[in-house]
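Heavy-atom basis, side chains included; hydrogens, waters and symmetry copies ignored. Sequence lines set the chain letters: A, B, ... in the order given, protein chains first and strands last, and positions in each chain run from 1.
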2 protein chains.
Amino acid sequence: MQPENCSENSQLYRFLAENGMINVGAYGFPGAAMQTLCTSSSTSYHNNNYHFESSVITDMTPQDRALAALKNHKEAEKRRRERINSHLDKLRGLLLCNSKTDKASLLAKVVQRVRELKQQTSELSGLETFPSETDEVTVLSGEYSSDGQLIFKASLCCEDRLDLMPDLNEILKSLHLKTLKAEMVTLGGRIRNVLIIAADKDHSVESVHFLQNALKSLLERSNSSEKSKRRRILDRKLVIQ
Amino acid sequence: MQPENCSENSQLYRFLAENGMINVGAYGFPGAAMQTLCTSSSTSYHNNNYHFESSVITDMTPQDRALAALKNHKEAEKRRRERINSHLDKLRGLLLCNSKTDKASLLAKVVQRVRELKQQTSELSGLETFPSETDEVTVLSGEYSSDGQLIFKASLCCEDRLDLMPDLNEILKSLHLKTLKAEMVTLGGRIRNVLIIAADKDHSVESVHFLQNALKSLLERSNSSEKSKRRRILDRKLVIQ
DNA sequence: TGGGACACGTGAGGC
DNA sequence: TGCCTCACGTGTCCC
């Protein structure tokens, strides 16, 4: 992994030390640094243990501290790389990729896959069909449009009532959300609303959650009306044939 | 982005040159390399243009070639990083992540999201319900289990017939696939089969596609039987209420 | 042998 | 100040 002969590096380190670019402390040679440069070397530098642990941080020269910091930094960076790569490996497993698919291609596939899956769930989650027998609120996590707007889809299925649309509009208005498109289907006293909603740049993603909660409370408001009491027994998910 | 003062680097480069660790060619100083180390410097090294393009690859000293290769290498590596990062940015958009979400957290979210979405599509795609009126073959891209087996779900919905199961078993056997679990629901002369299938380590992902094709041909075999002729007029996706 | 992919160590910048 | 993240240039391996 690392070069077998460290002669050049030794030379380099000696130069750096002589010119005060690094500090070799009281130990004569920066063994800790050498170790990383020559991991496969069989020289005796490995035996030097400089104990950079925090317990002995006291009585260290500033130079030692700098060297210790460098070592910490190096190791932290390695852990960071490992963390990222382990996630990439998980994605390889999830996408059925060969374990030697390169990072860029893998990520390209991930992007494509996430798009497909979002598309599928969007199509499958009963949107744009007749209202179901169960009350439902779905806010599908959207996507940022090219101009930075957040576009997403919200679906609401519940008992129809006269003041539903005013209530809905009030919610959207108070959250400063804009309705790009709305589909309404009513059947047998129930309604399904599918809204395409835009949030401008100054919205955080939290707006989506606010909306979800507001719609749920809207739905509970409907349920608490006396009209829904007689229906409650029907509010089950039915397998319809 | 890069250090403002290059005095140490100059020193370093001079040392490297003197010891033959790098080559400075006929120009006295490795300006091209310096440029990357001191991009914000206002010295005149920027004005040196060494023309490392392939058109003048002829009559270059070996040292020049090495330096040119280093430059190529550097630039290629930069392109590679940009490619990876652009995909990461796309994922940030797709997952509604803040543009300054760090890479590791982003990838963790991507893993989680892909798992959720796969789960959702798996649940939503009509599996484990009664057979539909339309013929369907679905092979959901699976996941590698901890022991390296590829586990995936296949769903088949078609006209029921006596020799369907033997045919199905034949297909699975010929592809060396193992059925971990099978669910069958029949209704009104139609059948829905949901299979959980395992492919051992020596299978490539291609087996999934082979299976998909085999199941489709199985389905066409059913349709070509005279029994299905009278049904064909019914083979439409119905919106059932 | 040249190009692509990767891990590495390091400097810079943000809290 | 110390810790964390990133981009960078480089050495190495592989095709």
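- Nearest-nucleotide assignment on DNA chain C puts the 5′-proximal partner with B/I84, out of A/E77 and B/I84.
- Within the structure, every side-chain polar atom (N or O) of B/K71 is placed at least 4.0 Å from both OP1 and OP2 of D/dG9.
- Distances shorter than 4.0 Å separate none of the side-chain N or O atoms of A/K78 from OP1 or OP2 on D/dC4.
- Atoms CZ (A/R83) and P (D/dC3) sit 15 Å apart, rounded to a whole Å.
- The distance between atom CG of B/L107 and atom P of D/dT5, rounded to the nearest whole Å, is 13 Å.
- In this entry the distance linking CG of A/L70 with C1' of C/dA12 reads 14 Å, nearest Å.
- A 6.0 Å sphere centred on NZ of B/K90 holds more than 12 heavy atoms belonging to other residues, nucleotides or ligands.
- Of the listed nucleotides (D/dT10, C/dG4, C/dA12), C/dA12 has the atom at the smallest distance from the side chain of A/H73.
- When each of C/dG11, C/dG9, C/dC6 is scored by its nearest atom to the side-chain atoms of B/R80, the top-ranked nucleotide is C/dC6.
- Of the options A/L218, A/N213, A/L219, a side-chain contact (heavy atoms from CB on, under 4.5 Å) to A/V137 is made by A/L219 and by none of the others.
- Atoms CD1 and NZ, from A/I197 and A/K181 in turn, are 13.0 Å apart once rounded to the nearest 0.5 Å.
- Residues A/R81 and B/K100 each lie close to DNA chain C; by heavy-atom proximity, the contact nearer the 5' end of the strand is made by A/R81.
- Between A/D102 atom CG and D/dC14 atom P the separation is 17 Å, expressed in whole Å.
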Exercise. Yes or no on side-chain contact (heavy atoms from CB on, under 4.5 Å) for A/L96 and B/F152, after CA distance, side-chain angles and deciding distance?
Worked result: CA-CA 11 Å; A/L96 311 181; B/F152 61 97; over 6 Å; no

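- When the P atom of D/dT5 is taken as reference, atom CG of A/N85 falls 14 Å away, rounded to whole Å.
- At the phosphate of D/dT1, neither OP1 nor OP2 sits under 4.0 Å from any side-chain N or O atom of A/R65.
- B/N72 has no side-chain polar atom (N or O) that falls below the 4.0 Å cut-off from OP1 or OP2 of C/dG2.
- A pairwise comparison of heavy atoms in B/L91 and A/V114 identifies CD2-CG2, 4.4 Å as the closest pair.
- When rounded to the nearest whole Å, the span between CG of A/L88 and C1' of C/dC6 equals 12 Å.
- Nucleotide D/dG9 holds its C1' atom 14 Å from the CD atom of B/E82, rounded to whole Å.
- No contact: A/R79 has no heavy atom under 4.0 Å from any strand.
- A straight line from NZ of A/K74 to C1' of C/dT10 spans 10 Å, rounded to a whole angstrom.
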